Amino acid sequence: MESDLFHPETPTPAMTRFARVVVERGIDRAGDSADAGLTYGAPDDVHPGQRVVVPLGRGDKLAAGIVVAIGGAELLAGLSASRVKPIARVTPVTLTPLIVKLASWMSDYYVAPLGMVFGTMLPAAVKKQTGTKTRVYVDRAPVAIDTPLSKRLTSAWEQVQALPAEAFPTTPRALAMMLDGVTESAVKKLIENGHLLATSKQEVQESRDWLMDCANAQNASSTGSAQAAGPLALTEHQTAALDRVAGTLGTFAVHCLHGVTGSGKTEVYLRAIEAMLARDDPHNPAHTSTAIMLVPEIALTPQTASRFTARFGDRVAVLHSGLTASQRHGQWLACAQGSDSGGGRVRIVVGARSAIFAPLRNVGLIVVDEEHDSSYKQDQLPRYHGRDVAIKRAQLEGCPVILGSATPSLETWANTKQAPPSANAPAGTLPSASKYILSSLPARVGQARLPPVQIVDLADERRLRALVQPEGWRDRHLHLIGPTLEDAIGQTLTGQGQVLLLLNRRGYANYICCTDPKCGWVMQCEHCDVTTVYHIDRRLKAGGFVRCHHCLAELTLPASCPDCKKTINTFGLGTQRVEAELERKFGPSHALAMGTTLLRLDGDSMQTARDYFTALSRFASGQARVLLGTQMIAKGLDYPGVRLVGVISADTSLSFPDFRAAERTFQLVAQVAGRAGRGKDPGRVIVQTANPQEPAIVLAARHDFVRFADFELAQRTESGLPPIKRMARVVCRDVVLAKAQNAAAEIAGLLREFEADLGLRVVGPMPCAIARIGDHHRIEVQVTANSRTAIQRAFASLREQGLLVSDAHTAVDVDPIALL
Ligand SMILES: [Zn+2]
Ligand SMILES: [Zn+2]
């Protein structure tokens, strides 16, 4: 289709207007060279930010790109105008100047080709214009037309003139139906002779969004409940937080809203948006302000959606992964039109990470809820962090941003503190003011209290189990649920309460090995340097399969040890193993059965957003009694029936070879504990661990974030790690080990040249924690510095010389959140 539209043979008049176009690139394509853009002849209707289609290279292959500049001969930069090709096609998609600026910042900051950033900002459905239909609308000509009309058309025209102004614009078909004895073809004749003006408009066929349907149903069914009934009186702390945010509307400011689980952070967000809308001048619709609210994808449940629609009605657009392509396109257009000249309806966008690129104008407030959540970081090019892009966008928009969490990231927390005087500052220098404005909500709203948390030592639990067993009796079962947690589950089920159980590891067993310790065989992935995970699948004849969680290769479980032919054992933790144990222990006594009263929520059982929602609504209705899952269940769920929360093992995230392991563990335990006691009953929480003295676990059990943050920040200061220092990481990948090593050694050498001048510290090259994934060897170089500018300057310098390129072999990760 597209190639028909472009005819390079057609002679074109001499071009005087030119455009610089940056071609969008997919995630996997390499090369940095076209970052500054290519020059094309531009028709008059092309403006900066516009998405256009241009011919590339000798074959004139068509590619889409964004116009970054418009100008005259100065854009030719020495090229002869006759050699410049014209833009092939102009699309209806336009990025605002502010979004273009944001893209260029992201490209510099995250060392990613600009064309790739543009490619990320636009949803695929928008690029493909999925679901678009062209519709023709007619209106009466504003001036009298004296073309003579036939008798039939005269009658039609008289009727048209008699219609009220509100009847227009309308479609030719609808107009014909409003008139007596007039056909659609007569209307078309009136268009042809100029009495009616026709305009065509691109529209997206909107279909219903199931999540919004559910949200609306939830609003309708719970009008009596506190949430849907609208604003309750704010607590003293909520009022103080709201006042601080409202006081900064109209200027750039970063707020950290630290509120314990259940303390009413969402109510503060809703009121802050109301305060922003209230500042708008109703007589000047061109300056209506808009808001963006980011939530982790998994928290985008009907619960969140319904709170926003209950308050703001159809002024809210919800962007979530369950949307169809045409719905996504429709929502994007609604945002773009909604904030345009006050004509549309959408003022507020609620969505996951990429909603930060929503095409709204005049953004007056941005909220990042659960700002500590790792799903805000994109793990492929461009490796941006949604929270940090949100802060940058707020700065460009000149508006406040709220970063909310019960467990703020240490990056955010450190910015709320006054910086201590630096070691080489003259004595008596005052500490500099903190960068972020901190508001705390230290208590839950209403009658709810934070639940008591009991830490259970797994070693004690094993001794306890041995004591209660008859002498000489050998238990063949592996118990992941100790006697304390087992008793509590039984009591809770008997008392008609619901149970939430967390184990942050999928599958059945993560360790497959030979039963003979002298043999020592362990099943590893052939393509990666990791052990593989056994998954049960009753539909398979073998009863299960082995999967590598890194390259997703699947294998069958060997019948015997390939080295010594002895039997094989499967060890370790996994949600499937807990599921089986729960059914074994509580199936007979409490009618607990997989898939009905017992639900498992993890990446294996939840394939789509709708699976996830269906499972949650079964739990909400009380039909399911026990919900077992990975970190998916730790986020944002609010079910008053939950009386018991159990953490099967708090140690899974502690053992990660990553300096953030303790922080992750604290967040996970504190967040999941916060799911208990949302009703009148305070509930209880039991945390099983082999490290009962670990500060991250002890302090999470006490709900003491502040003490944990102080403790952990002191550790990071001592070891020179983020957030005290800034970090970036370059990973070189290749199937040939020597190539990856050489590339990493070269980059390390180049970066070391900046060590003295910019105060960089370069570590490496060294093999990554997982030294091989999918047959690619991985060698890394880590860079730390006192400021982000130092790293940026070094990277920019290498990039300009073409010595550092983000591509399939080189992954540059600025502010990495995982170091595997
Ligand atoms: Zn693998
Ligand atoms: Zn063996």
Side-chain angles (χ1 to χ4, degrees), residues 25-32 106-113 116-117 120 374-385 388 525 527-530 548-553 656-661 664 720-722 725-755 760-785 788 790-792 794-799 801-820:
R25 271 174 286 173
I27 284 307
D28 294 316
R29 300 247 302 268
D32 248 5
M106 283 176 66
S107 165
D108 289 345
Y109 187 79
Y110 292 108
V111 191
M116 207 172 265
V117 177
T120 299
S374 57
S375 70
Y376 284 125
K377 174 88 177 181
Q378 177 156 297
D379 59 8
Q380 54 187 0
L381 255 178
R383 294 180 176 81
Y384 71 94
H385 199 298
D388 297 338
C525 177
H527 312 284
C528 314
D529 289 347
V530 293
C548 168
H549 281 188
H550 291 272
C551 71
L552 306 179
F656 263 65
D658 189 322
F659 69 86
R660 286 194 182 85
R664 291 274 152 69
L721 287 166
K725 301 267 179 178
R726 311 297 300 204
M727 185 187 265
R729 183 179 186 231
V730 182
V731 175
C732 298
R733 299 178 287 204
D734 207 289
V735 281
V736 181
L737 176 62
K739 279 194 185 171
Q741 283 168 333
N742 292 342
E746 195 186 324
I747 287 172
L750 290 165
L751 286 168
R752 284 210 166 89
E753 291 173 17
F754 295 93
E755 272 185 328
L760 295 191
R761 186 166 165 261
V762 180
V763 181
M766 59 195 173
C768 295
I770 300 177
R772 192 174 53 115
I773 293 181
D775 292 323
H776 282 72
H777 297 276
R778 306 167 76 241
I779 309 291
E780 71 173 308
V781 180
Q782 280 181 13
V783 192
T784 46
R788 59 167 68 177
I791 295 180
Q792 288 317 301
F795 280 2
S797 162
L798 294 185
R799 245 182 130 186
Q801 302 168 64
L803 299 170
L804 183 65
V805 176
S806 281
D807 61 17
H809 291 286
T810 319
V812 182
D813 193 352
V814 178
D815 304 330
I817 61 157
L819 299 177
L820 287 181

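The structure presented is a predicted model; accordingly, all values stated were derived computationally and were not measured. Count residues from 1 along the sequence.
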Quick one: do Val762 and Glu755 satisfy side chain to side chain contact (heavy atoms under 4.5 Å, CB included)? Show the steps, please. CA-CA 7 Å; Val762 180; Glu755 272 185 328; 3.7 Å; yes
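- Counting only distance, with no hydrogens or angles, the side chain of Ser107 and the backbone of Ala112 share a donor-acceptor pair below 3.5 Å.
- With rounding to the nearest 0.5 Å, the separation of CD in Gln380 from OG1 in Thr120 is 8.0 Å.
- Taking a cutoff of 4.0 Å between a charged side-chain nitrogen and a carboxylate oxygen, Asp734 and Arg772 do not qualify as a salt bridge.
- Annotation for His549: atom NE2 counts as buried by contact number, over 12 foreign heavy atoms lying within 6.0 Å.
- To the nearest 0.5 Å, atom CG of residue Asp775 and atom SG of residue Cys528 are 7.5 Å apart.
- Using modelled atom types, one side-chain atom of Gln801 and one backbone atom of Ser797 make a donor-acceptor pair closer than 3.5 Å.
- A donor-acceptor contact shorter than 3.5 Å links the side chain of Arg733 to the backbone of Ala808.
- The neighbour count for Arg752 CZ, taken as heavy atoms of other residues, nucleotides or ligands under 6.0 Å away, is above 12.
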Please assess Leu804 against Ile747 for the test side chain to side chain contact (heavy atoms under 4.5 Å, CB included), listing each intermediate value before the final yes or no. CA-CA 8 Å; Leu804 183 65; Ile747 287 172; 4.1 Å; yes
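- Counting heavy atoms from C-beta outward, Val730 and Phe795 have side chains that approach closer than 4.5 Å.
- The two atoms that bring Val781 and Ala744 nearest to each other are CG2-O, 3.5 Å, heavy atoms only.
- A distance of 9.0 Å separates CG in Leu751 from CD in Glu753, rounded to the nearest 0.5 Å.
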Begin from the C-alpha positions of Asp388 and Tyr376 and carry the test side chain to side chain donor-acceptor pair (under 3.5 Å) through to its verdict. CA-CA 9 Å; Asp388 297 338; Tyr376 284 125; over 6 Å; no
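- Inter-residue side-chain proximity for Asp815 and Tyr109 is flagged as met; some heavy-atom pair is nearer than 4.5 Å.
- Under the 4.5 Å side-chain criterion, counting only non-hydrogen atoms from C-beta, Ile773 is in contact with Arg778.
- For the residue pair Leu819 and Met727, the shortest heavy atom distance occurs at CD2-SD, 4.2 Å.
- With Lys377 contributing its side chain and Arg383 its backbone, the two residues share a donor-acceptor pair below 3.5 Å.
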Apply side chain to side chain contact (heavy atoms under 4.5 Å, CB included) to the pair Tyr110 and Asp813, showing each step before the final yes or no. CA-CA 7 Å; Tyr110 292 108; Asp813 193 352; over 6 Å; no
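- Although no hydrogens or angles enter the test, the distance criterion places no donor-acceptor pair under 3.5 Å between the side chain of Gln378 and the main chain of His385.
- When the side chain to side chain donor-acceptor pair (under 3.5 Å) test is applied to Asp379, no partner is found at least two apart in sequence or on another chain.
- When side chains are defined from C-beta on, Ile779 does not count as touching Met766, because their heavy atoms never get closer than 4.5 Å.
- The nearest pair of heavy atoms linking Asp529 to Ile770 is O-CG2, 4.2 Å.
- Looking at His776, its side chain does come within 3.5 Å of a backbone N or O of Gly774 through a donor-acceptor pair.
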Does the pair Arg664 and Ile817 meet the rule for a side chain to side chain contact (heavy atoms under 4.5 Å, CB included), with working shown? CA-CA 10 Å; Arg664 291 274 152 69; Ile817 61 157; 4.0 Å; yes
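- Here the closest heavy-atom approach between residue Gln792 and residue Val814 is recorded as NE2-CG1, 3.9 Å.
- The CG atom of Leu760 lies 8.0 Å from the OG1 atom of Thr784; values are rounded to the nearest 0.5 Å.
- Of all heavy-atom pairs between Leu381 and Met116, the closest is CD1-SD, 3.5 Å.
- Looking at His777 and Lys739, their side chains never come closer than 4.5 Å, going by heavy atoms from C-beta outward.
- When all heavy atoms are compared, the tightest approach of Leu820 to Arg729 is O-NH2, 2.7 Å.
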